[in-house]
Amino acid sequence: MFLGLLAASGTLLSWSIGTLAFLKASRLMDPGLLNRARLGVAVVVTLIIASTMSGLWPWDLLGTTSAESWLWLGLSGFIGLTIGDLFGFTSLRILGARRQSVIGTTAPAASAVVALAMLGETLSWSDVIGIMLSIAGVMYAMNTSQERQEVHNEGFGSYSLGVLLAIGGAICQGAGLVLAKKGMTGANASITPFHATFLRMIVGFCATYVVDVLRRAPHRPLKEAYAHPDARTAMFTGTLFGPIIGVTMSLVAARSLDVAVAQTIFSLVPFVVMAIMRLVYRQPIPARSIIGAVISVFGVVLLVTGTP
């Protein structure tokens, strides 16, 4: 329990730092290229970590994994990392870190619904109310003409598209966490979080090429991601704190804690992001954003404390 709480808190801090780094990177390179480049780096790093921690050769990591674990962890990587993070980076580029992180608090609601179907977890009336509050908090924080105008002035895309992509990304990431837990704790599974992270990363990386074909996106070679020094540095920083440290610790938390408990702690990212932006970058934080985030996180708390 203590290890899970510690890992969830570490995930919170890592994802907050990674969000701000990826914001800079997403506004200096194409979000699809950013997603592929950081997954490519993460595959190499997580392979080294997983091999070192488990004492297995790289081919053993692949060959000793059961078909069931491959299925669920592969789906987790595709849905959570390939699709979810493509949506997330695109919405981050459009909306900025504060707005996108507030919308990200809907991820626990997605996790709760997916866990209901796949892990046999139940939803009480208080859980349903919690889901509704999470959505209401996001709507309150985001549904203002001031936010729309600020996004328009920043000039990175449509406000409505940014919101829809952020919601889609939160749903995919929440579902990905549940699928990863199923892959690690299934009947035939004996997968460590480091091993699982590597498998998720390699599937997520390979699937970016498939998604580009399906959405008919122009091919962008990986070397483009390293052409701009500032973009390269931001991408490496975000990758270190996001898919390497953050995702690995999130799997440790998901394995040790109830999914909803872990997601409750993860949902505090907006407050950490807002604090960093206020203290480090001296950016004013609208009261409406803080109130909306509080309402949404309170809804997440109901998902954890409610009784069936």
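The shown structure was predicted, so the numbers you read here are calculated from the model rather than taken from an experiment.
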Just do the salt bridge (Lys or Arg N to Asp or Glu O under 4.0 Å) check on E224 and R232 with the steps written out, would you?
CA-CA 10 Å; E224 287 188 13; R232 181 175 64 243; over 6 Å; no
Give, for atom [atom1] of [X] and atom [atom2] of [Y], the distance between the pair rounded to the nearest 0.5 Å.
| X | Y | atom1 | atom2 | result |
| --- | --- | --- | --- | --- |
| L47 | T197 | CG | OG1 | 12.5 Å |
| R200 | F78 | CZ | CZ | 13.0 Å |
| F89 | D30 | CZ | CG | 11.5 Å |
| H152 | R148 | NE2 | CZ | 12.5 Å |
| S76 | K181 | OG | NZ | 13.0 Å |
| L75 | L71 | CG | CG | 5.0 Å |

Which atoms form the tightest heavy-atom contact between [X] and [Y], and what is the distance?
| X | Y | value |
| --- | --- | --- |
| M29 | A225 | CE-O, 3.5 Å |
| L302 | G130 | CB-CA, 3.8 Å |
| F22 | M235 | CE2-O, 4.0 Å |
| L92 | A97 | CD1-CA, 3.6 Å |
| A141 | V102 | CB-CG1, 3.9 Å |
| A21 | G238 | CB-N, 3.6 Å |

Would H195 and S69 satisfy side-chain hydrogen bond (donor to acceptor under 3.5 Å, both in side chains), going step by step from the backbone distance to the final call?
CA-CA 11 Å; H195 188 171; S69 293; over 6 Å; no
For the hydrophobic clusters of this structure (ILVMFWY residues joined by side-chain heavy atoms under 4.5 Å, transitively), does one cluster hold both [X] and [Y]?
| X | Y | answer |
| --- | --- | --- |
| L28 | I17 | no |
| L20 | L268 | yes |
| M201 | L62 | yes |
| F156 | L86 | no |
| L95 | L161 | yes |

Going through the checks in order, is the side-chain contact (heavy atoms from CB on, under 4.5 Å) test met by T65 and L61?
CA-CA 7 Å; T65 304; L61 291 173; 5.8 Å; no
Would you check if [X] and [Y] make a side-chain contact, meaning some heavy-atom pair closer than 4.5 Å?
| X | Y | value |
| --- | --- | --- |
| Y226 | F236 | yes |
| Y159 | I94 | no |
| V203 | L73 | no |
| Q173 | L177 | no |
| V294 | F271 | yes |

Is the backbone of [Y] close enough, under 3.5 Å, to the side chain of [X] for a donor and an acceptor to pair up by distance?
| X | Y | result |
| --- | --- | --- |
| R98 | M274 | no |
| S91 | V163 | no |
| T233 | D230 | no |
| S51 | I48 | no |
| S296 | G137 | no |
| T46 | A42 | yes |

Output every pair passing side-chain hydrogen bond (donor to acceptor under 3.5 Å, both in side chains) with a member in residues 32-41, not counting sequence neighbours, ordered by first then second residue.
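Sorted pair list: N35-R38, R36-T208, R36-D212, R38-D85.
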Do R99 and E154 pass the salt bridge (Lys or Arg N to Asp or Glu O under 4.0 Å) test, and can you show the C-alpha distance, the side-chain angles, and the key distance before you say yes or no?
CA-CA 13 Å; R99 303 179 191 93; E154 289 170 4; 3.6 Å; yes
For a side chain to side chain contact (heavy atoms under 4.5 Å, CB included) with S26, tell me which candidate from T90, L33, L34 qualifies.
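That would be L34; it is the only one of T90, L33, L34 passing the side chain to side chain contact (heavy atoms under 4.5 Å, CB included) with S26.
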With a 4.0 Å cut-off on N to O distance, would you call R288 and E147 a salt bridge?
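Salt bridge flag = no for E147 with R288.
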Looking at R215, I'd like to know if its CZ atom is crowded, meaning that more than 12 non-hydrogen atoms belonging to other residues, nucleotides or ligands lie closer than 6.0 Å.
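Atom CZ in R215 is crowded, with more than 12 foreign heavy atoms closer than 6.0 Å.
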